[in-house]
Visitor: 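The following block contains the structure, expressed as structure tokens.
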Amino acid sequence: MFDAMERLNREQRAAVEHLGGPLLVVAGAGSGKTWTLACRVANLVDRGIPPERILLLTFTRRAAREMLSRAERLTGDRALGRVWGGTFHATANRLLRLHGGALGLSPGFTVLDRTDTADLMDLIRGELGFGQGERRFPRKDTLADVYSRTVNGRTKLAEVLEREYPWCAEEVEHIRSIFERYTERKRAQSALDYDDLLLFWDALCRHPAAGPAISELFDHILVDEYQDTNPLQADILASLRPEGDGLMVVGDDAQAIYAFRSATVANILQFPSRFPGTTIVKLERNYRSTRPILEATNAVIALSPQRHEKTLWTERSGGPLPSLLTCIDERDQADAVCRSILDHRERGTPLREQAVLFRAGHHSDVLEVELTRRNIPFVKYGGLKFLESAHVKDALAVLRIADNPRDEVSWFRVLQLLDHVGPAGARRVMAAIGVSAPGDPMTRFLEQAIAVPAPARAELEGLREAFGDLAVGSAPPAAQVERVRRFLEPLLRRRYDQPEPRLRDLEQLEQLAIGFESRARFVTDLTLDPPVSTSDLAGPPHLDEDYVILSTIHSAKGGEWDVVHVIHAADGMIPSDMSTGDPDQLEEERRLLYVALTRARDELHVLFPLRYHRSNRGYEDRHWYAQLTRFLPEEVRNRFSLETTYVDASDERPGAPSPDATASGVDALLAGLWSD
DNA sequence: AATATCCGTATTTTT
DNA sequence: TACGGATATT
């Protein structure tokens, strides 16, 4: 511990040793923030604070684990496992299961994820008959979005609609009634959505009896990535620590990338005025990147019209300029990345110390194919659709009903799996067994005669048997998933052309369930801490294996690698063309690129394909030409070494249409004139 | 009347 | 690929 303290710089040490009033640490990219937080935790424990009286709020559970294991290594103290570490949501879940009774909350509540929220809203929209007329009515995902923005931003519904969704602002009354019913239904089913977890935590803090008890639990509260918290989360902190004593927040307004989730940099900017007497510490020395890389990233963020009041500096002079590599198309880009990765490995950088970053999950599709073809192992973070795939949700819905037979959304989903049972049939069955009536709907489902179309009868029996077995309830969660899989297998085979990959997903779900203490715990943990990487899903880990990291930029937050490749640096990708309309969103995209570039320690490669192929169906070789991202204008490009994958013969630029492409373009046009 | 099936379209990021 | 809308089928 003493050694570690010696290695801290003056500002870091101030942050570690500060005691008493509120503390704001403004920590630039690569300024040793994680290290500082870990030292602070270790230091607090060294001073005699019991670990279980420290609350460490991080952005992901992974970040909390990482920080606590570093702190453990510092103190050699295993007790650090007792620190309350995790996300706001996971912490809310834990606190509410222990103390939610004060608010009339059942300790067995279920947690609705985003798609569950959307499905329940859709169910209600269907009942109320909205959206069937001529007028455009928001889809279920939009409804869930509006709801979350309203709640998280603590903004009036009408205002949110006016500002963010003007095209459906006229529907405010209908939307309001959907939200009202949605709330009633959640309560009746004792279900909490993501936003409820925070709202109930906040309410618990304000509760006359429970509030003080909750605040009493902690001597110190440390919050990481504070720039990406929302107003509700800031309110919770204020409720827990009205004077800010023992409260420390760390963040960087230049790295705020979650406004789409209602996060606001106002939290970090207004922290000192919200908590008078705040001590501010700025960490401006960058330990991560070489000077050429730092100069390039500083140049990128300098173009942001918003003020970021710090300038990062480093003593790591030397090292190559970052490169900006223009490629012909996506295949060429994938090829160039592979060659670069192998080249770096030849020169001594293992694959694990190399990452490829991109804006959206599917941006790595072509690259993944190429890596696989060349036998380069990789693990992908972010952009996973595992829990969103229909069959995985089906399996989870069965498990959830077993735990909470009043769960309407899950019944509605599971019943429609039966042959010739659609929305109407499912509603009939649900009414017959009284899903929301007093008593136990499961008993009624198992014992009553239920009318379903003839083709569904055998499958209904199968479902009953499955629920019968699950009701016994003592089997390990993995065995229960296996039981559900046995029920679903014939249904999936009937429903899908290619059931095998889906069945394999269910086997993975079974793997994930291994080791969980209970079925309920498994289902809740999965919604609050879903698998974030392909390695999470790959079964037993091969720890000694070397692999490249592929990651969305969002999931790369907090990460750092010796060599970083940023691909698809094209307008329309970064910034995403979904975000180019609104200046604030555009600035968020700029910060996103900044976050990506600042992950690099020694070498940074930015890649940009000139040409994108459109749709794989239809006429071949349809494509469009991309522009380099607007965030790398001339004055920033000067900080890069400019390279191309091709020889730039001036009259045969690969960027220009080849004769072939032109011919097939004409053919396509002609064919379009007479085919229908 | 309800369900199955086909087709076109749009597709970010995540607790 | 998944969803919504339209049409075909039971």
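Lettering of chains follows the sequences in order, A, B, ..., and the numbering in each one begins at 1.
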Visitor: Could you go through residues 414-430 of chain A and list every donor-acceptor pair under 3.5 Å that involves a side-chain atom there, pairing it with any protein atom two or more places apart or in another chain?
Guide:
from: A:Gln416; atom 1: NE2; to: A:Phe412; atom 2: O; distance (Å): 2.9
from: A:Asp419; atom 1: OD1; to: A:Arg494; atom 2: NH1; distance (Å): 3.4
from: A:Arg427; atom 1: NH2; to: A:Leu123; atom 2: O; distance (Å): 3.4

Visitor: Tell me whether the side-chain N/O atoms of A:Thr552 come closer than 4.0 Å to OP1 or OP2 in B:dT14.
Guide: yes
Visitor: Using a 6.0 Å cut-off, check whether atom CD of A:Gln627 has over 12 heavy atoms from anything other than its own residue.
Guide: no
Visitor: Please tell me if A:Lys385 has a side-chain N or O lying less than 4.0 Å from either OP1 or OP2 of B:dT13.
Guide: yes
Visitor: Give the rounded distance in Å between these two atoms: CG of A:Asp577 and C1' of B:dT13.
Guide: 14 Å
Visitor: Would A:Phe260 count as stacking on B:dT14 if stacking means ring centres less than 5.5 angstrom apart and planes tilted under 30 degrees?
Guide: no
Visitor: Which sits closer to the 5' end of DNA chain B, A:Gly382 or A:Gly425, going by the nucleotide each is nearest to?
Guide: A:Gly425
Visitor: Taking atom CZ as the centre, does A:Arg154 end up with more than 12 heavy-atom neighbours from other residues, nucleotides or ligands that are less than 6.0 angstrom away?
Guide: yes
Visitor: When the nearest nucleotide of DNA chain B is assigned to A:Val532 and to A:Ala360 on a heavy-atom basis, which residue is associated with the more 5' position?
Guide: A:Ala360
Visitor: Determine whether the side chains of A:Asn93 and A:Arg97 contain a donor N or O and an acceptor N or O closer than 3.5 Å.
Guide: yes
Visitor: Among side-chain atoms of A:Thr117 and A:Tyr194, is any donor-acceptor pair under 3.5 angstrom?
Guide: no
Visitor: Does A:Arg591 form a side chain to side chain contact (heavy atoms under 4.5 Å, CB included) with A:Ile301? I'd like the steps, not just the answer.
Guide: CA-CA 7 Å; A:Arg591 293 190 297 269; A:Ile301 202 66; 4.2 Å; yes
Visitor: Assign A:Arg139 to base, sugar-phosphate, or nothing according to its heavy-atom contacts below 4.0 angstrom with the strands shown.
Guide: sugar-phosphate
Visitor: With a 4.0 Å cut-off on heavy atoms, is A:Thr527 in touch with a base, just the backbone sugar-phosphate, or nothing at all?
Guide: nothing
Visitor: Check whether the ring centres of A:His554 and A:Phe59 lie less than 6.0 Å apart, and answer yes or no.
Guide: no
Visitor: What nucleotide, of B:dT13, B:dT15, B:dA2, holds the atom closest to the side chain of A:Ala424?
Guide: B:dA2
Visitor: In residues 83-96 of chain A, what residues come within less than 4.0 Å of DNA chain B, judged by heavy atoms?
Guide: A:Thr87, A:His89
Visitor: Please give, in whole Å, the distance from C:dC3 P to A:Asp141 CG?
Guide: 8 Å
Visitor: Between A:Arg502 and A:His420, which has a closest nucleotide on DNA chain C that is more 5'?
Guide: A:Arg502
Visitor: Where the side chain of A:Arg428 is defined as all heavy atoms beyond and including C-beta, which of B:dA2, B:dT15, B:dT14 is the nearest nucleotide?
Guide: B:dA2
Visitor: Using only heavy-atom distances, determine whether the side chains of A:Gln585 and A:Glu587 contain a donor-acceptor pair under 3.5 Å.
Guide: no
Visitor: A:His554 has a side chain; which of B:dT15, C:dG4, B:dT13 sits nearest to it?
Guide: B:dT13
Visitor: Rounded to the nearest Å, what distance is computed from the CZ atom of residue A:Arg149 to the C1' atom of nucleotide B:dT13?
Guide: 12 Å
Visitor: In whole Å, I'd like the distance from the CG atom of A:Asp529 to the P atom of B:dT15.
Guide: 8 Å
Visitor: How many Å lie between CG on A:Leu197 and P on B:dT15, as a whole number?
Guide: 13 Å
Visitor: Rounded to the nearest Å, what distance is computed from the CD atom of residue A:Gln227 to the C1' atom of nucleotide B:dT13?
Guide: 15 Å
Visitor: In this structure, how many angstroms lie between the P atom of B:dT14 and the CG atom of A:Leu384, rounded?
Guide: 8 Å
Visitor: Could you let me know what C:dA2 is paired to, Watson-Crick or G-U wobble, both distances under 3.5 Å, or none if it's on its own?
Guide: B:dT9
Visitor: Could you state the atom-to-atom distance from CG of A:Asp419 to C1' of C:dT10 in whole Å?
Guide: 12 Å
